[in-house]
Amino acid sequence: MAVSQTRNLGLPLINLLRLKGVPILQQLHLEERLLRTSSDNWCIINDGTIDPTIVMGVSGKPQELLEIESILRDDIPVIRRFTGGGTVIVDQGTIFVTFICNKDTVPGLQSYPQPIMSWSSLLYKKVFQGIGDFRLRENDYVLGDRKFGGNAQSITKNRWVHHTSFLWDYEISNMGYLKLPKRAPEYRQARDHLEFICRMKDYISRSSFIDSTIEAVGSEFLLRSAELEDAHCTLGSKFEPSSRLLRKQELGEAIFKSLTASQS
Amino acid sequence: MASRLWATKAASYLRISVPYRGFATGTWTLLICLLPTNAVIKDLKYADSHEWVKVEGNSATVGITDHAQDHLGDVVYVELPEEGTEVTQGASFGAVESVKATSDINSPVSGKVVEVNSKLNDSPGLVNASPYENGWIIKVEMKSADELTCLMDPDQYSKFCEEEDAKH
């Protein structure tokens with residue numbers, strides 16, 4: 001895949017796309033298309049998504065991760081995304097930040113999961129400088145010992161995407177749709193969701209977080225403002241994204257699987 | 001994890017399988033200290049995206065290398081293609097998930113998938129424990145053996161990995 005970069009003062013160019021309230025499935029489709037069919041670098045910031053939506057990683061099993069009966073009762077959409085990682089419930093209190101880069105964009109960065117995550121944590125360290133005890137802990141962004149952002153990645157031959165859903169705020173009742181995952185970091189120590197996560201709004205205002213993030217990105221890249229139309233123009237028309245909404249029938253079948261498994 | 005990794009590398013280098021979750025003990029320890037960082041197997045060909053291929057007639061077995069599994073971390077899921085799928089040299093045919101990331105697996109050869117390693121559905125960690133043997137991913141009926149000239153031999157691949165790691 002051709003690498004397209006313009007360097008000014010040694011900084012690689014990145015298109016900064018600021019969105020507000022774009023539905024998360026639409027955002028994921030855009031990300032996957034840009035990953036697979038664009039040769040530019042992109043930073044996408046989506047300030048909130050309209051409807052509460054559950055987003056599982058590529059290998060997520062609904063029967064293990066979700067309280068499906070409640071989800072069906074309350075008509076909560078469930079999406080399987082194209083990146084790895086765990087399950088989140090997102091809504092208008094969530095701020096999404098995504099990086100899509102060519103593999104040689106960041107000097108000295110190997111396009112494998114750990115190095116990319118380390119790089120991103122150094123960027124966010126600048127954002128939270130003097131604000132809270134921010135660190136990357138067992139692949140989670142934490143303030144103290146509480147997680148406030150879920151991150152995940154997808155890596156192709158020549159490009160990678162790293163995206164994060166930051167919990168600026170959340171509804172306590174929404175966390176009830178998620179089960180305790182089987183695969184959890186050690187530092188979680190079997191805490192339930194409300195004891196494990198924290199709200200970013202307790203540390204930083206929404207606008208300050210977004211402004212500081214853009215400033216941090218600007219310290220490593222040359223920013224070029226982009227509009228959604230610019231992103232759509234660069235996309236190859238043949239590519240079909242894999243992130244999708246699970247059908248109610250699939251969720252129903254997952255309940256059946258769960259009952260069968262518990263009886264065997 | 002570290003001692004298991006070294007046991008895997010020793011076994012791969014010596015072309016001996018070890019049980020999944022085997023640990024290095026006694027006799028292996030001295031040998032392991034003398035081994036290169038990532039194992040590379042003779043008689044295989046290698047792609048610059050860190051897949052290996054073993055060719056027998058016009059049948060090719062494909063997997064990811066020890067270097068790849070080492071850098072990816074613990075594999076928790078393998079996305080396999082369906083049998084009958086056409087694959088193209090250099091193009092993605094599936095993915096592995098590790099450390100919250102999906103990473104493409106690219107085919108070193110073109111052809112048709114004739115078999116997938118379904119054991120990876122229940123035991124994705126075979127890719128880490130036995131990347132060159134039990135962790136194989138697909139078997140392909142090759143379109144053309146000419147494509148193999150684009151791939152690296154073991155010595156070229158070893159040097160490629162060293163240069164890549166040195167750059168970062």
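Worth saying up front: this structure is predicted, and the values here are computed from it rather than measured. Throughout, a chain's letter reflects where its sequence line sits, starting with A, and its residues are numbered from 1.
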*Asks:* Any idea which of Gly150(A), Pro113(A), Gly57(A) has the most non-hydrogen atom pairs under 4.5 angstrom with chain B?
*Replies:* Pro113(A)

*Asks:* Where does Glu164(B) contact chain A at under 4.5 Å (heavy atoms): side chain, backbone, both or neither?
*Replies:* both

*Asks:* Is chain A contacted by the side chain of Asp48(B), its backbone, both, or neither, given a heavy-atom distance below 4.5 Å?
*Replies:* side chain

*Asks:* For salt bridge (Lys or Arg N to Asp or Glu O under 4.0 Å), just list the numbers for Arg36(A) and Asp104(B), CA-CA rounded to whole Å, side-chain angles, deciding distance to a tenth of an Å, and then say yes or no.
*Replies:* CA-CA 11 Å; Arg36(A) 295 279 177 186; Asp104(B) 278 2; 2.7 Å; yes

*Asks:* Under 3.5 Å, side chain of Lys100(B) to main-chain N/O of Asn139(A), donor-acceptor pair present?
*Replies:* yes

*Asks:* Under a 4.5 Å heavy-atom cut-off, does chain B meet the side chain of Leu109(A), its backbone, both or neither?
*Replies:* backbone

*Asks:* Is Gln114(A) in contact with chain B via its backbone, its side chain, both, or neither, using a 4.5 Å heavy-atom distance?
*Replies:* side chain

*Asks:* Please find the pair of heavy atoms, one from Gly84(A) and one from Glu97(B), that lie closest to each other, and give the distance.
*Replies:* CA-OE2, 3.4 Å

*Asks:* Which pair of non-hydrogen atoms, one from Ser59(A) and one from Tyr77(B), has the smallest distance, and what is that distance?
*Replies:* CB-CG, 3.3 Å

*Asks:* For Asp165(B) and Gln110(A), which heavy atoms make the closest approach, and how far apart are they?
*Replies:* OD1-NE2, 3.0 Å

*Asks:* Check whether Ser103(B) gets within reach of chain A through its side chain, its backbone, both or neither, counting any heavy atom under 4.5 Å.
*Replies:* both

*Asks:* Main chain of Phe82(A), side chain of Thr102(B): is a donor-acceptor contact present, judged purely on distance under 3.5 Å?
*Replies:* yes

*Asks:* Looking only at non-hydrogen atoms, find the nearest pair between Glu79(B) and Val58(A) and report the distance.
*Replies:* OE2-CG2, 3.7 Å

